[in-house]
Amino acid sequence: MDKNNNHEYEYGGLILNGFAMIFFTFILIPLLIAFTFIIGGEDHLAITIPISAVLFIVFVLGCVGYFVQEPNEARVMIFFGKYAGTCRQVGYYWINPFMNRNKLSLRIRNMDIEPIKVNDKVGNPVLIGMVLVWKIKDTYKVVFDLDSKSLGGVNQGALEKFVRIQSDAALREVTGHFAYDQSDSGNPDEVTLRDGGDTINELLEKKINERLAMAGLEVIEARLNYLAYAPEIAAVMLRRQQASAIITAREKIVEGAVSMVEMALDRIEKSDMVKLDNEKKAAMVSNLLVVLCTDEPVTPTLNTSTN
């Protein structure tokens with residue numbers, strides 16, 4: 001693999017078992033220093049002191065470089081400003097003490113995006129919020145492409161701020177392509193914010209991932225969790241919904257009333273109960289429709305006289 005490219009790759013440098021290094025650093029080296037002084041004595045100080053100094057330096061270097069790594073964690077290794085790879089091994093290890101180790105959590109994170117005011121497809125202001133599930137995908141981009149580094153690692157607040165801002169932008173973009181509710185076009189297949197469901201969520205995930213990919217982040221799930229008209233038009237839109245519901249109900253009532261009148265006239269004619277001319281039929285239809293369609297009790301007068 002060409003390690004000169006700007007991408008993530010596994011760390012392939014020296015990495016030792018931490019427990020073995022503890023034994024070497026805190027037991028073996030002190031014993032070697034003591035043994036050097038015992039063997040060399042005062043007669044060989046010219047040799048004893050340099051050897052002990054070297055062993056002491058090795059001891060000091062051995063005291064640093066330890067780290068513990070848990071599952072779903074990673075460390076980005078940087079050696080004097082140069083990317084050396086990403087370590088994902090789990091356990092207790094010792095590494096070159098001059099190696100800078102930037103700790104990253106690869107665990108899944110949750111974020112609640114507060115409702116924001118956005119104009120929908122037809123220009124109505126709506127309040128819309130969502131819930132995000134995201135995680136780090138590319139450790140190289142997070143550390144080197146995103147301005148999130150701080151003393152001792154990556155600034156988690158900077159990561160969350162970046163995700164929040166880009167998610168807001170994607171949410172505004174998606175909302176502008178759909179109406180809150182069915183528009184006046186009358187298209188029954190029109191996707192709306194209120195009824196879009198999985199279609200809206202899938203588009204949100206796609207748009208957010210397009211924006212977060214540049215920083216090595218990935219959205220696993222994005223779902224709307226709040227949707228309402230803005231307060232300034234909420235009352236007006238409520239009356240509109242009520243009017244639409246009333247019209248729909250009236251259509252059903254009229255449709256049923258016409259069917260019942262048609263059935264009544266047909267049965268009268270078939271039973272030869274009474275002979276009705278066109279004028280009398282019209283009056284009877286009018287009275288029956290009034291009775292069936294009105295919300296208040298009525299007392300119709302049916303004149304069936306043949307005179």
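Note that the structure is predicted; figures quoted are calculated from it, not measured.
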Return the set of residues passing side chain to side chain contact (heavy atoms under 4.5 Å, CB included) with [X] (not counting sequence neighbours), or none when no residue passes.
X	value
L61	I57, P97, F98
S105	R107, R109
Y226	P115, L127, A228
A215	L146, F162, L217

List for me each residue that meets side-chain hydrogen bond (donor to acceptor under 3.5 Å, both in side chains) alongside [X], sequence neighbours excluded, and say none if there are none.
X	value
T175	none
K135	none
Q69	R75
E221	R223

| said: Measuring from atom CG of L31 to atom CZ of F24, what distance do you get when rounded to the nearest 0.5 angstrom? | reply: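 Reported value, rounded in 0.5 Å steps: 11.5 Å.
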| Pairs flagged by salt bridge (charged side-chain N to carboxylate O under 4.0 Å, His left out) wherever residues 15-24 is involved - sequence neighbours left out |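 Of all non-adjacent pairs touching residues 15-24, none passes salt bridge (charged side-chain N to carboxylate O under 4.0 Å, His left out).
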| request: Could you note down all residue pairs passing salt bridge (charged side-chain N to carboxylate O under 4.0 Å, His left out) where residues 163-177 supplies at least one of them, sequence neighbours left out? | output: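 For residues 163-177: E173-K207, E173-R211.
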| field | Selection residues 13-23 - residue pairs positive for side-chain hydrogen bond (donor to acceptor under 3.5 Å, both in side chains), sequence neighbours left out | value |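 Every pair satisfying side-chain hydrogen bond (donor to acceptor under 3.5 Å, both in side chains) with a residue in residues 13-23: there are none.
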| task | Please work out whether the ring planes of H7 and Y9 are parallel, tilted or perpendicular, with thresholds of 30° and 60°. | result |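 Rings of H7 and Y9: perpendicular, over 60°.
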| task | Could you label the plane-to-plane angle of the Y66 and Y92 rings as parallel, tilted or perpendicular, counting under 30° as parallel and over 60° as perpendicular? | result |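 Parallel: the ring planes of Y66 and Y92 meet at under 30°.
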| field | With F178 via ring pair (Phe, Tyr, Trp, His ring centres under 6.0 Å) - residues at least two apart | value |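 Listed in chain order: nothing, the list is empty.
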| request: For the pair E8 and K137, find out whether any cationic side-chain nitrogen is under 4.0 Å from an anionic carboxylate oxygen. | output: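 Salt bridge absent between E8 and K137.
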